[in-house]
Protein chains: 2
Amino acid sequence: MLVDERRHRIAQLVLAHGAMTVAELSRRLGVSAVTIRSDLEALEKQGILKRNRGGAVAPQVLRFAPAFQEKTSLHRQEKERIAELAAQIVEDGEWIILDAGSTTLFLARRLRDRRLTVLVNSVYALNELVGAPNIELIAIGGSLYEPGLSFVGPLAESFLEGLHVDKAFLGVNGVDLRGISVNNAQEAGIKRRMINAAEEVIVLADSSKIGVSSFVTIAPLKRIHVLITDSGAPGELLQEFREAGLEVLVA
Amino acid sequence: MLVDERRHRIAQLVLAHGAMTVAELSRRLGVSAVTIRSDLEALEKQGILKRNRGGAVAPQVLRFAPAFQEKTSLHRQEKERIAELAAQIVEDGEWIILDAGSTTLFLARRLRDRRLTVLVNSVYALNELVGAPNIELIAIGGSLYEPGLSFVGPLAESFLEGLHVDKAFLGVNGVDLRGISVNNAQEAGIKRRMINAAEEVIVLADSSKIGVSSFVTIAPLKRIHVLITDSGAPGELLQEFREAGLEVLVA
DNA sequence: TAAAGTTTTCGTAAGTAAACGTAAGCAAAA
DNA sequence: TTTTGCTTACGTTTACTTACGAAAACTTTA
């Protein structure tokens with residue numbers, strides 16, 4: 001048996017079983033433990049598996065999203081600045097929808113001492129606004145979607161039916177001339193309902209998302225009223241957005 | 001068993017049950033307590049769980065602990081026993097509604113490792129069940145009512161419209177021959193809807209609530225199917241409940 | 001309520017057996 | 001012959017165990 005052939009089989013065995021011992025692999029493939037170890041070393045270098053004393057395991061997929069680590073959040077400073085600017089366009093007494101996402105979470109924090117009615121779509125935002133003295137806090141219900149602890153599905157969507165708010169603050173994965181897009185179908189539906197329910201739609205997207213088209217397009221640009229981004233976004237594209245009728249604010 | 005394999009199992013056990021003791025993990029995995037502790041230390045570093053004296057718990061999504069301090073909760077032991085009995089009548093695969101309240105919260109904790117669809121009506125219960133591997137978790141939306149972080153109001157009520165579940169577990173403030181009652185009008189409405197939505201209504205009430213009539217009566221006894229209480233409840237009254245057609249379980 | 005005593009859990013250290021890496025040696029292919 | 005891919009041999013490292021003093025949590029007593 002050729003080296004690569006054996007290594008391929010080892011990889012298959014480890015991935016299929018989740019874990020394999022050196023002794024077991026040695027027995028099954030008819031080579032010594034030393035050989036297996038060198039194979040595992042090579043496979044680990046390729047990132048195919050993870051070595052352990054005694055054998056190897058399949059790369060971990062478990063990873064329970066630990067309450068999304070704010071501090072390590074990508075583009076955190078940009079998001080904070082965007083949130084600050086967004087907070088300025090919220091007026092006291094308004095009814096607003098706060099979508100799930102890290103940028104909108106930063107916004108929630110800045111709204112705690114305001115007088116507002118806020119519909120939130122994530123457990124994190126709920127957490128952030130509980131106990132705020134002048135906020136009438138409403139949770140959009142529905143199936144809990146774990147990645148961002150947001151509410152999705154038909155129940156969430158019909159919750160918004162017939163509701164009307166002044167502003168909706170949306171987080172998205174991409175904004176380009178074709179519109180705004182997100183990377184999963186689950187959240188697409190509820191975001192569309194938010195857009196329908198709002199008098200004014202404000203999209204919060206840091207510059208890494210500008211010019212990007214993600215999996216599902218949820219609305220064309222003409223359904224959006226304001227885009228808030230940071231100074232890292234390409235100026236020409238922002239100009240094109242403006243010509244398409246979008247108000248673009250740069251934090 | 002390889003190190004990472006064992007740690008993966010520990011993570012699964014802790015996430016499924018919400019919490020695990022060092023002793024129990026040691027017993028189940030066949031390694032010493034010292035080894036378990038070092039595993040927990042490693043898993044905590046990865047943010048997968050949180051250590052505490054005696055074992056580890058699943059990471060809490062929310063930063064606030066239940067307002068009603070569990071350990072000092074009035075009649076805690078009775079409530080725990082009631083929750084235990086309630087958990088026994090839940091069958092895998094069912095759709096259930098979990099009302100807000102401390103007793104139902106204890107019940108939520110006992111359902112973490114079951115396979116269920118659960119509609120919850122409080123942020124605490126949501127927190128308790130997030131990350132449970134086999135639970136489809138649905139939040140009833142609506143205005144947040146701070147005392148118990150429960151969802152109330154017309155939006156919460158219409159959320160339940162048209163929904164149908166196998167069982168609803170209700171917490172109340174009083175149960176007497178006239179029916180079940182609670183001490184505020186806000187929660188009365190949503191509880192009535194829960195009763196309407198459920199095939200079987202199970203009321204959880206420790207003995208301090210038996211024979212008590214509170215502010216708003218939400219349903220007559222004939223709308224209730226099962227009452228679970230503790231042995232401190234007066235036997236004659238329970239007998240009268242039974243004669244009124246109620247199934248009474250004493251924990 | 002506070003203090004004292006008891007129990008449980010924790011972290012550290014020393015000991016041990018299994019697994020490791022390295023090196024030397026051997027056989028087949030280039 | 002040299003190179004490649006494997007073996008066995010052996011000193012080193014590692015993960016785990018048991019043991020024990022320290023710290024924390026719970027109970028009892030004043």
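Letters go in sequence order (proteins before strands), and every chain restarts at 1. Scope of the values below: all heavy atoms of this structure, side chains included, with no hydrogens, waters or symmetry mates.
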### Query
dA15(D) phosphate, OP1 or OP2: any side-chain N/O from R6(B) under 4.0 angstrom?
no
### Message
I'd like to check the side-chain hydrogen bond (donor to acceptor under 3.5 Å, both in side chains) partners of S150(A); sequence neighbours left out, ordered by chain and number.
### Response
E187(A)
### Summary
Rounding to 0.5 Å, atoms CD (E24(A)) and CD1 (I36(A)) come to a distance of 10.5 Å
### Donor-acceptor contact below 3.5 Å, side chain N121(B) vs main chain A100(B)
no
### Query
Nearest-Å distance, CG (D39(B)) to P (dT14(D))?
17 Å
When the side chains of residues 236-244 of chain B are checked against the rest of the protein, which donor-acceptor pairs come out under 3.5 Å, sequence neighbours left out?
{"unit_1": "R242(B)", "atom_1": "NH2", "unit_2": "V248(B)", "atom_2": "O", "d": "3.3"}

### Query
Whole Å only: how far is the CD1 atom of I36(B) from the P atom of dT18(D)?
13 Å
### Task
Measure from the side-chain N and O atoms of E44(A) to the backbone N and O of R51(A), and report whether any donor-acceptor pair falls under 3.5 Å.
yes
### Query
Taking R112(A) for the side chain and V130(A) for the main chain, is one N or O donor matched with an acceptor at less than 3.5 Å?
yes
### Atom-pair distance (CE on M1(B); P on dC16(D)), nearest Å
11 Å
## Note on the structure
Rounded to whole Å, CD of E5(B) lies from C1' of dC16(D) at a distance of 16 Å
#### Entry: E24(B) CD - dT8(C) P separation (whole Å)
17 Å
### Query
Which nucleotides of nucleotides 15-30 of chain C have their base under 4.0 Å from a protein heavy atom (B), which only their sugar-phosphate (S), and which neither (-), written as one string 5' to 3'?
---BBBSB--------
## Note on the structure
M20(B) CE to dT9(C) P, in whole Å, measures 15 Å
#### Entry: Distance test, side-chain N/O of T35(A) to OP1/OP2 of dT7(D), below 4.0 Å
yes
### Message
Test of understanding: with side-chain contact (heavy atoms from CB on, under 4.5 Å), list the residues that count as partners of S208(A), not counting sequence neighbours.
### Response
H75(A), D206(A)
### Query
So, for A86(B) and L204(B), which heavy atoms are closest and what is the spacing to 0.1 Å?
CB-CD2, 3.9 Å
### Message
Tell me the bend of the helix from dT1(C)-dA30(D) to dA30(C)-dT1(D) as the angle between end helix axes, each from five pairs, rounded to the nearest 10 degrees.
### Response
30°
### Message
Does dC16(D) have OP1 or OP2 under 4.0 Å away from a side-chain N or O of S32(B)?
### Response
no
With a cut-off of 3.5 Å and sequence neighbours excluded, list every side-chain donor-acceptor pair involving residues 1-12 of chain A.
{"unit_1": "E5(A)", "atom_1": "OE1", "unit_2": "L2(A)", "atom_2": "N", "d": "3.4"}
{"unit_1": "R6(A)", "atom_1": "NE", "unit_2": "D39(A)", "atom_2": "OD2", "d": "2.6"}
{"unit_1": "R6(A)", "atom_1": "NH2", "unit_2": "D39(A)", "atom_2": "OD1", "d": "3.1"}
{"unit_1": "R6(A)", "atom_1": "NH2", "unit_2": "D39(A)", "atom_2": "OD2", "d": "3.2"}
{"unit_1": "R7(A)", "atom_1": "NE", "unit_2": "D39(A)", "atom_2": "OD1", "d": "2.7"}
{"unit_1": "R7(A)", "atom_1": "NH2", "unit_2": "D39(A)", "atom_2": "OD1", "d": "3.2"}

